[in-house]
Amino acid sequence: MYRDRIDAARRLAEALAHLRGAHPLVLAIPRGGVPMGRIIADALEGELDMVLVRKLGAPGNPEFAIGAVSEDGSVHLQEEAALCRDDWLAREVARQRELIDERRRRYTPVRSPIDPTGRVVVVVDDGSATGATMAAALATLRQRDPARLIAAIGVAPPDTLARLGALADEVICPEAPHHFRAVGQFFATFDQVEDDEVVRLLGGAS
């Protein structure tokens, strides 16, 4: 469906063109959302930062999200989390929070996160299967009183988009296939985004 993340970002930027002039705050979910966020922020004449959330993977299947944890410590669980032991879940939350803290120190070592209060906020990710990570980001940001909160996703299944619609003022997703196995299947090129690239893009280089 997409050649690469650049292709997906350009399509999202077109769908978000009505925000040009509103100086939106584009918050990318690392790492895959950051290259897309840079393109979208530049196209909309906005500002780029990141929102740090980490998926909580299921025991024995870390790629399957049972929830997510945000930078402020908020934990958002899916129904499947009820099947996990409390002590295991507590360890997984603690492990992911350590990774969040490490990413903040690495990615923006010389500045604080940009305040979303009163801003038009666009949360960007390359794709979402269960929506757990995006949902955690939206729920956390809603508490900061943005003027408008928009989810912009390259690809996600329809049921995930329906759930996210209850958390965002607007959900933009150009591709919503019913048969969904993994985000990468919808990109001809889906290379891993390295930390050095994230730092460079957040610093303003495209």
Side-chain angles (χ1 to χ4, degrees), residues 5 9 12-13 15-56 67-77 93-94 96-128 131-154 163-173 193 195-206:
R5 290 186 179 91
L12 283 170
L16 293 162
H18 59 285
L19 298 181
R20 192 176 291 114
H23 191 54
L25 173 59
V26 178
L27 296 178
I29 296 178
R31 286 178 290 195
V34 177
M36 295 176 60
R38 179 76 274 164
I39 292 170
I40 293 168
D42 290 347
L44 301 182
E45 301 172 354
E47 197 171 9
L48 176 67
D49 200 356
M50 60 181 173
V51 54
L52 285 172
V53 287
R54 289 284 300 179
K55 175 175 65 179
L56 301 174
V69 59
S70 304
E71 187 171 12
D72 65 359
S74 303
V75 178
H76 307 268
L77 299 177
V93 168
Q96 297 301 339
R97 286 197 65 184
E98 286 181 6
L99 290 172
I100 286 174
D101 291 344
E102 179 186 337
R103 280 189 168 183
R104 177 58 72 185
R105 290 192 298 269
R106 184 186 310 139
Y107 293 162
T108 57
V110 295
R111 65 170 175 84
S112 300
I114 299 173
D115 187 359
T117 303
R119 300 285 299 271
V120 174
V121 175
V122 181
V123 185
V124 176
D125 204 0
D126 49 19
S128 183
T133 304
M134 178 61 77
L138 293 171
T140 298
L141 289 164
R142 182 65 76 185
Q143 298 173 15
R144 303 289 301 278
D145 295 322
R148 187 165 178 78
L149 185 58
I150 301 165
I153 312 166
R163 288 195 296 271
L164 295 176
L167 298 171
D169 298 310
E170 186 178 2
V171 177
I172 303 293
C173 185
V193 178
D195 286 338
D196 288 348
E197 183 178 2
V198 172
V199 172
R200 176 176 60 82
L201 292 170
L202 288 172
S206 57

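By the 4.5 Å heavy-atom criterion applied to side chains, His76 and Thr140 are counted as neighbours. At least one side-chain heavy atom of Arg104 sits under 4.5 Å from a side-chain heavy atom of Met50. Between Arg103 and Glu71, every side-chain heavy-atom pair lies at or beyond the 4.5 Å cut-off. Put simply, the side chain of Leu56 reaches to within 4.5 Å of the side chain of Val75, judged on heavy atoms. Side-chain contact between Val121 and Val51: absent, with no pair of heavy atoms (C-beta onward) separated by less than 4.5 Å. Side chains of Pro113 and Asp49 form a contact here, defined as non-hydrogen atoms less than 4.5 Å apart.
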For a salt bridge (Lys or Arg N to Asp or Glu O under 4.0 Å) check, start with the C-alpha distance between Asp169 and Arg142, then their side-chain angles and the critical distance, and finish with the verdict.
CA-CA 10 Å; Asp169 298 310; Arg142 182 65 76 185; 3.3 Å; yes
As a quick check of understanding, evaluate salt bridge (Lys or Arg N to Asp or Glu O under 4.0 Å) for Arg200 and Asp196, giving each step before the final call.
CA-CA 6 Å; Arg200 176 176 60 82; Asp196 288 348; over 6 Å; no
Apply side-chain contact (heavy atoms from CB on, under 4.5 Å) to residues Ile150 and Leu19 and explain how you reach the verdict.
CA-CA 11 Å; Ile150 301 165; Leu19 298 181; 3.6 Å; yes
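Of all the heavy atoms in Ala9 and Ile40, the pair that sits closest is O-CG1, 3.7 Å. Minimum heavy-atom separation, Ala15 to Ile172: CB-CG2, 3.5 Å. In plain terms, the two heavy atoms of Ala168 and Ala151 that are nearest each other are CB-N, 4.1 Å. Heavy-atom minimum distance, Gly37 versus Val26: O-CG1, 3.8 Å.
Side chain of Thr117 to main chain of Arg144: a donor-acceptor pair is present (N/O by atom type, distance under 3.5 Å, no hydrogens or angles). Arg20 contributes a side-chain N or O that, together with a main-chain N or O of Ala43, makes up a donor-acceptor pair within less than 3.5 Å. Side-chain atoms of Arg119 come within 3.5 Å of backbone N or O of His23 as a donor-acceptor pair.
Within the model, atoms CG of Leu149 and CG of Leu141 stand 6.0 Å from one another, a figure rounded to the nearest 0.5 Å. Here Arg97 contributes atom CZ and Ser74 contributes atom OG; the two are 8.5 Å apart, rounded to the nearest 0.5 Å. Between Glu102 atom CD and Leu52 atom CG the span is 11.5 Å, to the nearest 0.5 Å. Note that CG of Leu164 and CE of Met134 are 6.5 Å apart. Values are rounded to the nearest 0.5 Å. Here the straight-line distance linking atom CG of Leu44 with atom NE2 of His18 works out to 8.5 Å at 0.5 Å rounding. Rounding to the nearest 0.5 Å places CD1 of Ile29 at 8.0 Å from CD1 of Ile153.
Arg5 pairs with exactly one of Val34, Asp126, Ile39 by the side-chain contact (heavy atoms from CB on, under 4.5 Å) rule, that one being Asp126.
A salt bridge links Arg38 to Asp42: at least one charged side-chain nitrogen sits closer than 4.0 Å to a carboxylate oxygen.
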